[in-house]
Amino acid sequence: PPLFRVAALGGTFDHLHAGHKILLSMGAWVAREKLIVGITDDALLRKKAHREVLENVALRTARTRAFLERFKPGLHYDIVPISDVYGPTAWDPDVQALIVSKETLSGAASIHRLRQEKSLPPLHTFVIDVIS
């Protein structure tokens with residue numbers, strides 16, 4: 001695919017597994033300069049099933065960064081906690097591409113609507129069929 005200067009994706013990234021790595025790899029693959037990774041903040045996971053076994057946001061962030069830096073060194077990774085489905089895609093006009101799984105496609109639709117309401121540039125969306 002064409003490379004985009006800034007791409008974004010989001011998720012919980014708890015106990016980083018192959019499905020997460022596929023999604024993260026595709027994000028790094030389409031990003032030319034920067035990949036923004038929104039990691040679901042602990043506050044947003046209060047009602048998640050089996051919350052007691054979830055890793056904290058600092059550990060999830062560190063493991064995500066370590067994987068990405070091994071996968072594609074030299075790319076700038078902006079890994080940020082998010083407290084809603086939008087994260088930086090709600091306000092950052094530099095984001096050009098959005099990488100989602102089939103499970104998070106409805107979130108992508110919400111992001112596209114919000115960006116349109118705010119007159120932000122539309123995003124190219126890549127849907128990854130991730131196998132858990």
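Note that the structure is predicted; figures quoted are calculated from it, not measured.
- Judged purely by atom type and a 3.5 angstrom limit, Arg60 has no side-chain atom pairing as donor or acceptor with the backbone of Leu54.
- For the pair Pro122/Gln116, no side-chain contact is recorded, criterion being any heavy-atom separation below 4.5 Å from C-beta on.
- Of all heavy-atom pairs spanning Val80 and Pro88, the tightest one is CG2-CG, 3.8 Å.
- Minimum interatomic distance between Pro93 and Pro121 (heavy atoms only, all atoms of both residues): O-CG, 3.7 Å.
- Heavy atoms only, all atoms of each residue included: Leu3 and Trp29 are closest at CD2-O, 3.0 Å.
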Let me see the working for Leu75 and Leu68 under side-chain contact (heavy atoms from CB on, under 4.5 Å), right down to the final yes or no.
CA-CA 9 Å; Leu75 189 63; Leu68 286 167; over 6 Å; no
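- The two residues Gly27 and Leu9 make their nearest non-hydrogen contact at CA-CD2, 3.8 Å.
- Note that CD1 of Ile99 is 11.5 Å distant from OG of Ser25, once rounded to the nearest 0.5 Å.
- A single hydrophobic cluster is not seen to contain both Trp91 and Ile36; linkage of ILVMFWY side chains at heavy-atom distances under 4.5 Å, directly or through other members, places them apart.
- Nearest heavy-atom pair across Ala108 and Leu98 is CB-CD2, 3.8 Å.
- The side-chain heavy atoms of Val100 and Thr125, taken from C-beta on, include a pair separated by under 4.5 Å.
- When the side chain to side chain donor-acceptor pair (under 3.5 Å) test is applied to Asp94, the partners found at least two apart in sequence or on another chain are Arg5.
- Here the side chains of Leu23 and Phe13 are in contact, with some heavy-atom distance below 4.5 Å.
- Phe4 and Leu120 fall into different hydrophobic clusters, where Ile, Leu, Val, Met, Phe, Trp and Tyr residues are linked whenever their side-chain heavy atoms come under 4.5 Å apart, directly or through other members.
- Residues Leu35 and Ala8 approach most closely at CD1-N, 4.1 Å, considering heavy atoms.
- Applying the side chain to side chain donor-acceptor pair (under 3.5 Å) rule to His124 yields no partners; only residues at least two apart in sequence or on another chain are considered.
- Applying the side chain to side chain donor-acceptor pair (under 3.5 Å) test to pairs two or more places apart or on separate chains, those with a residue in residues 61-81 are Glu55-Arg63.
- Clustering ILVMFWY residues whenever any of their side-chain heavy atoms sit less than 4.5 angstrom apart, transitively, puts Val127 in the very cluster that holds Val95.
- Atoms CG and OG1, from Leu114 and Thr89 in turn, are 7.5 Å apart once rounded to the nearest 0.5 Å.
- More than 12 heavy-atom neighbours from other residues, nucleotides or ligands sit within 6.0 angstrom of CD on Glu33.
- Both Phe71 and Leu24 are assigned to one and the same hydrophobic cluster, defined by single-linkage of ILVMFWY side chains at heavy-atom distances under 4.5 Å.
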